[in-house]
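As structure tokens, the structure follows; a few thoughts come after it.
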Amino acid sequence: MKERRTTRQVMVGDVAVGGDARVSVQSMTTTKTADVDGTLAQIYALAGAGADIVRCTCNEEAAAEGLARIVPRSPVPIIADIHFQYRLALAAMEAGVQGLRLNPGNIRKPEHIKLVAREALDRKLPIRIGVNAGSLDPAMAEAHGGITPEALVASAMHELALFEEVGFDDVKISVKASNVALMIDSYRLLSETTDRPLHLGVTEAGPPPAGLIKSTAGIATLLAEGIGDTIRYSLTAEPVEEARAGRQLLEALGLRERKGLDLIACPSCGRAEVDVIRVASEAQAALEARNIPLQVAVMGCVVNGPGEAREADLGIAAGRGKGHLFVRGHVVRVVPEAEMVSALVEEAERILAEGIEARIAAADSDAEAIAEATRAEILADTGLDANDDASRIERVRHAADENG
């Protein structure tokens with residue numbers, strides 16, 4: 001991970017974006033904004049899944065009126081998404097939103113853009129310049145040889161220049177594309193062009209799993225290069241999946257403290273004595289339902305499991321009809337195989353209540369000995385080469401020699 005690029009900072013309500021602030025997660029509601037109760041229910045679900053900021057469409061007067069009722073009851077700052085009609089930006093500000101998103105591709109008259117910027121300046125309200133490859137101003141595309149990184153960045157900088165003419169400076173920028181390579185190159189160029197905070201996203205990424213893969217490829221690449229201050233997954237799915245994915249990505253990169261479950265599991269091997277996929281799925285469902293913010297491992301055998309997953313906060317490994325429960329690599333309990341998931345959940349809750357060290361200290365006195373005896377028994381039956389590695393390697397060498 002490269003050191004994060006230094007940017008200016010803006011405030012979206014009480015959420016700082018840019019500067020030394022942590023990378024924030026955004027998502028967008030899919031309800032009709034005029035449906036106040038339905039939209040609020042989705043906003044609360046998004047906040048619970050990890051969204052720091054939520055965007056709502058403001059595409060009609062009824063939506064602006066809905067925002068007036070939504071904003072005071074929202075647990076997170078609300079950004080109004082504006083397309084085509086600049087007057088709805090003015091209405092959204094009257095409704096009390098904490099930020100705007102304007103698309104330079106469909107609000108093009110300078111006098112309209114500057115009018116919105118003046119009003120935002122008076123209210124100390126940030127605006128995101130949201131450039132999108134799919135709605136790029138045709139004049140920009142023509143001037144820069146098509147939909148290129150240069151064209152997307154030029155569109156953003158043109159809008160920024162209009163803001164600066166009226167003294168408005170509270171700006172975030174995005175240059176999104178559905179093509180991952182174009183998105184990455186555009187943000188790299190933008191980061192070299194301005195020190196404004198950047199909102200990352202692959203637009204119209206599609207449904208999971210492909211949408212998750214595309215979004216992660218683009219967003220994670222840039223974050224690893226130190227580029228990006230706030231992120232949004234754009235999935236054809238329930239928006240809660242967007243917030244959850246964004247939060248998990250930041251946790252995986254070490255950019256946010258773990259808030260939710262991080263479950264790891266072995267892919268199974270010749271020694272596995274349990275259906276790892278089934279146990280992992282059951283454990284994930286049970287732990288996520290309790291919002292357990294730990295790294296938990298589900299391993300197929302006790303021979304290697306506790307050692308391979310010794311950095312996990314908690315784990316369980318199967319062996320001879322039993323589950324060997326371990327905390328940071330120390331086997332603390334041995335339970336019947338049928339109780340593996342329930343024991344894992346119980347121990348996770350105890351760790352949250354008592355702490356890692358206390359649970360290691362409270363280990364059953366014979367747990368390590370039972371685990372070692374089971375390990376020796378399995379090794380006696382399977383040998384050291386349970387996956388037939390030696391013969392595989394011999395075949396690999398033979399094939400390589402023949403082709404040489």
Go through it in stages, so that I can follow the logic: the residues are Y86 and I113, the test is side chain to side chain contact (heavy atoms under 4.5 Å, CB included), and I'd like the CA-CA distance, side-chain angles, deciding distance and then a yes or no. CA-CA 7 Å; Y86 76 98; I113 296 167; over 6 Å; no

Between L115 and H112, does the side chain to side chain contact (heavy atoms under 4.5 Å, CB included) criterion hold? Intermediate values first, please. CA-CA 5 Å; L115 176 60; H112 293 167; 5.7 Å; no

Show, in sequence, the C-alpha distance, side-chain angles and deciding distance for C58 and T33, and conclude whether the side chain to side chain contact (heavy atoms under 4.5 Å, CB included) test is met. CA-CA 7 Å; C58 186; T33 309; over 6 Å; no

Full working for side chain to side chain contact (heavy atoms under 4.5 Å, CB included) between L250 and I231: CA-CA 9 Å; L250 296 183; I231 66 172; 3.9 Å; yes

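In terms of modelled atom types and a separation under 3.5 Å, the side chain of Q9 and the main chain of G18 share a donor-acceptor contact. Here the side chain of T374 pairs no donor or acceptor atom with the backbone of G319 at under 3.5 angstrom. Between the side chain of S186 and the backbone N or O of L152, no donor-acceptor pair lies under 3.5 Å. A donor-acceptor pair is defined here as one N or O able to donate and one able to accept, closer than 3.5 Å; no such pair exists between the side chain of Y187 and the backbone of L222. Using modelled atom types, one side-chain atom of E368 and one backbone atom of V331 make a donor-acceptor pair closer than 3.5 Å. Here the side chain of D364 pairs no donor or acceptor atom with the backbone of A367 at under 3.5 angstrom.
Between K322 and P336, the closest side-chain pair of non-hydrogen atoms is not below 4.5 Å. Here the side chains of K176 and V202 are not in contact, with every heavy-atom distance at 4.5 Å or above. Within the 4.5 Å cutoff, no side-chain heavy atoms of T6 are placed close to those of D195. Residues I351 and L314 are in side-chain contact: their nearest non-hydrogen atoms beyond the backbone lie under 4.5 Å apart. Considering only heavy atoms from C-beta on, R188 comes within 4.5 Å of I227 through its side chain. For the pair L67 and V36, the minimum side-chain heavy-atom distance is 4.5 Å or more. Contact of the V327 side chain with the D313 side chain is not registered, since no non-hydrogen atoms from C-beta on lie closer than 4.5 Å. Between V334 and L325 there is no side-chain heavy-atom pair separated by less than 4.5 Å.
Between V276 and A265 the shortest heavy-atom distance is CG1-CB, 4.3 Å. Of all non-hydrogen atoms in V341 and A286, the two that sit nearest each other are CG1-CB, 4.3 Å. In terms of heavy atoms, S342 sits closest to E339 at OG-O, 3.1 Å. Across all their heavy atoms, I292 and E349 have their closest contact at CD1-CG, 4.2 Å. The shortest non-hydrogen separation linking S24 to D52 is CA-OD2, 3.4 Å. What you find for T230 and V25 is that their closest heavy atoms are OG1-N, 4.5 Å.
Residue E225 places its CD atom among more than 12 non-hydrogen atoms of other residues, nucleotides or ligands, all under 6.0 Å distant. Enclosure of atom CZ in R278 by more than 12 non-hydrogen atoms of other residues, nucleotides or ligands within 6.0 angstrom is indicated. E257 CD: 12 or fewer foreign heavy atoms inside a 6.0 Å radius. Within 6.0 Å of atom CD in E61, 12 or fewer heavy atoms from other residues, nucleotides or ligands are found, so the atom counts as exposed in its surroundings. In this structure, I356 places its CD1 atom where more than 12 heavy-atom neighbours from other residues, nucleotides or ligands lie under 6.0 Å away. Heavy-atom neighbours of R69 CZ from other residues, nucleotides or ligands within 6.0 Å: at or below the threshold of 12.
For the pairing with V296, the side chain to side chain contact (heavy atoms under 4.5 Å, CB included) check across V345, I316, L344 returns one residue only, L344. Across Q26, E242, H199, a single residue satisfies side-chain hydrogen bond (donor to acceptor under 3.5 Å, both in side chains) together with R232, and that is E242.
For the salt bridge (Lys or Arg N to Asp or Glu O under 4.0 Å) test, residues two or more places apart in sequence or in another chain that qualify with D381 are R320. Residues that satisfy the salt bridge (Lys or Arg N to Asp or Glu O under 4.0 Å) test with K32, not counting sequence neighbours, are absent from this structure. Partners of H83 by side-chain contact (heavy atoms from CB on, under 4.5 Å), not counting sequence neighbours, listed by chain and number: D81, R101, N103, N106. Listed by chain and number, the residues in a salt bridge (Lys or Arg N to Asp or Glu O under 4.0 Å) with E347 are R333, R359 (sequence neighbours excluded). Applying the salt bridge (Lys or Arg N to Asp or Glu O under 4.0 Å) rule to R123 yields the partners E94, E119; only residues at least two apart in sequence or on another chain are considered.
In summary, the side chains of R128 and S174 do present a donor paired with an acceptor at a separation below 3.5 Å, with no hydrogens or angles considered. Y44 and S74 are not linked by any side-chain donor-acceptor pair at a separation below 3.5 angstrom, with hydrogens and angles left out of the test. Judged purely by distance below 3.5 Å, without hydrogens or angles, the side chains of T29 and Q42 never pair a donor atom with an acceptor atom.
Rounding to the nearest 0.5 Å places CG of L125 at 8.0 Å from CD of Q98. Taking CD1 from I43 and OG1 from T39, the interatomic distance works out to 6.0 Å, rounded to the nearest 0.5 Å. Rounded to the nearest 0.5 angstrom, I173 CD1 and I129 CD1 are separated by 5.0 Å. Here CG of N132 is found 12.0 Å from CE of M183. Values are rounded to the nearest 0.5 Å. With rounding to the nearest 0.5 angstrom, the OG atom of S215 is 11.0 Å from the CG atom of L200. Distance check: Y233 OH to R244 CZ gives 13.0 Å after rounding to the nearest 0.5 Å.
Salt-bridge annotation for D37 and R73: present, with a side-chain N of the basic residue lying under 4.0 Å from a carboxylate O of the acidic one. A salt bridge is defined here as a Lys NZ or Arg NE, NH1 or NH2 lying under 4.0 Å from an Asp or Glu carboxylate O, and D229 with K172 fails to meet this definition.
The aromatic rings of F163 and F168 sit perpendicular to each other, their planes meeting at more than 60°, with 30° as the lower class boundary.
The side-chain hydrogen bond (donor to acceptor under 3.5 Å, both in side chains) contacts involving residues 161-170 comprise R8-D169, K114-E165, E164-R196, D169-R196, where partners must be two or more places apart or lie in separate chains.
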